[in-house]
Amino acid sequence: MSYTYSVVKLFTHQTTISLYLVKHILSGLTRCIQFFSAFTGALFLGGCNLDTRMSTFVTKGPVAETQYDLFMLTVWVTLGIFIAVGGAFAFAIIKFRERPNDDRPMPSQGHGNPLVEIGLIGASILLLVIIAVPTLQGIWYTHDTPEDPESFMGAWYSGEELAEEEAENPLIIKVIGYQWWWAFEYPQLGITTANEMVIPAGKVVHLELRSFDVIHSFWLPRIAGKVDLIPGRTNSMWIQAGDNFLRWKEKQGVAGPEEESPALRADYAAYLEEEIHNYYYGQCAEYCGDSHARMHFRATVVDNEEFAEWVIDERTGHGTPDGKTWDDWYADYADNPDSLTGDLNEGLKLFMGRAKCATCHVVKGNPRALGVAGPNLTNVGSRMSIAAGWLNHRIEEDGSIDLKKQYDNFYKWIKETDVVKPGNRMWKAGGGGIGELIDENGDPALLTEDEIHKLSLYLQSLK
Ligand code: CUA
């Protein structure tokens, strides 16, 4: 076999391969284009629903609205660029494509035309400025918590025991991210809750964001975009569910900032009640380990009176199942635990003893349930979900709690905690979490079905 022959063979062979590849890439591309056209077509024809519970397109407050406006501005500008550049390109390749027996002369070449080049540079600068100015404005607006007198605690908070210097501050919530749940502390009010924050409608709320362990990200899409929680530093943001009175008035087209009447105030109150008063879904938006996808949270937006009532409930906490004082209950628990009967007492005894819940959980009112490693369980029975929003028992139609489902969720969480949220730190038999559960003889032992039943009933009663 001669050298020349080998080279020729090699070349022809490669050419065959290249042609084969090109053909396949082209047919792949065509299929891709067909698929995406069909997909977008289906979305539009099907009237794709943007009004989902975590939609960024149906905003409920000035922060999310500013971010949405900026997004849409960028979409329109880039869509314009796409049409201009893509249109010119399509025009050129169709009009000037080579035809069979084409004897047209070469069209005139515009390369290096100063008018075109300077024009394109100018247009690019102009478009960048059109995007940059509102972007910077938006960054400043969403960065600094606005000083809105109507949002100051003194202007709307009707509960008791507000330190005087707090009257000129907005509500502050410290958000702390844990693997994989959220703590919400209200320093001005001396309360802490977990996974379901409660905020007043139409009021600025200042958030301080910290992490206990790794980076998390706070994202409540209808109300505000994401801000990260970073270990070792405090980030801040502000949120507001619904507009304040001024902004709402402007949108209504009511003339003058001085415009003020009881009827207008009533309309504003109705707007908050009908459009804003609701239950909002949030989610950790930064990968943070095993159960990142199950690190949800909720925001319940309420009116001023409901907020004050909620604060009182959280501060008061819980008594013993049959109305004894806690001192008496603990005396019985130590001396004669068998005298504490009934499912709830049995559940509470488990909570304090064998199941070791109190080592990691606070239940306000109970002087010995003081653990801070896990979510605060004060009023956990009135929350709409457990396990950081992963197990839900809210009835969507009327916003009430499905008690059967709630019981099942508590039961499931205690029984199969690692199935519900892999990697969590609950007590377990066999270790893996904070430690191993043992029976009265000191041997490793899971909770029995009867024990889980009583604990679930007790937790459900915390409301
Ligand atoms: Cu926390 Cu992802």
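No experiment lies behind these values; they were computed from the predicted model shown. In listed order, ligands and their atoms are each counted from 1.
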Inset, instruction - Flag the pair Asp243 and Arg247 as a salt bridge only when some basic side-chain nitrogen lies within less than 4.0 angstrom of an acidic carboxylate oxygen. - result: yes
Inset, instruction - Sequence neighbours left out, what pairs pass ring pair (Phe, Tyr, Trp, His ring centres under 6.0 Å) with at least one residue falling in residues 348-386? - result: Phe351-Tyr458
Legend entry - Salt-bridge present (Arg53, Glu396; N to O < 4.0 Å): yes
Legend entry - Residue pair Thr56 / Arg222, side-chain heavy-atom distance below 4.5 Å: no
Inset, instruction - Show all protein N/O/S atoms under 2.8 Å from atom 2 (Cu) of ligand 1, or state that there are none. - result: Cys284 SG, Glu286 O, Cys288 SG, His292 ND1
Inset, instruction - Using the six-membered ring of Tyr280, assess whether NZ or CZ of Arg298 lies under 6.0 Å from its centre and within 45 degrees of the ring axis. - result: no
Inset, instruction - Kindly assign one of parallel, tilted or perpendicular to the pair His453 and Tyr407, based on the angle between their ring planes and the thresholds 30° and 60°. - result: perpendicular
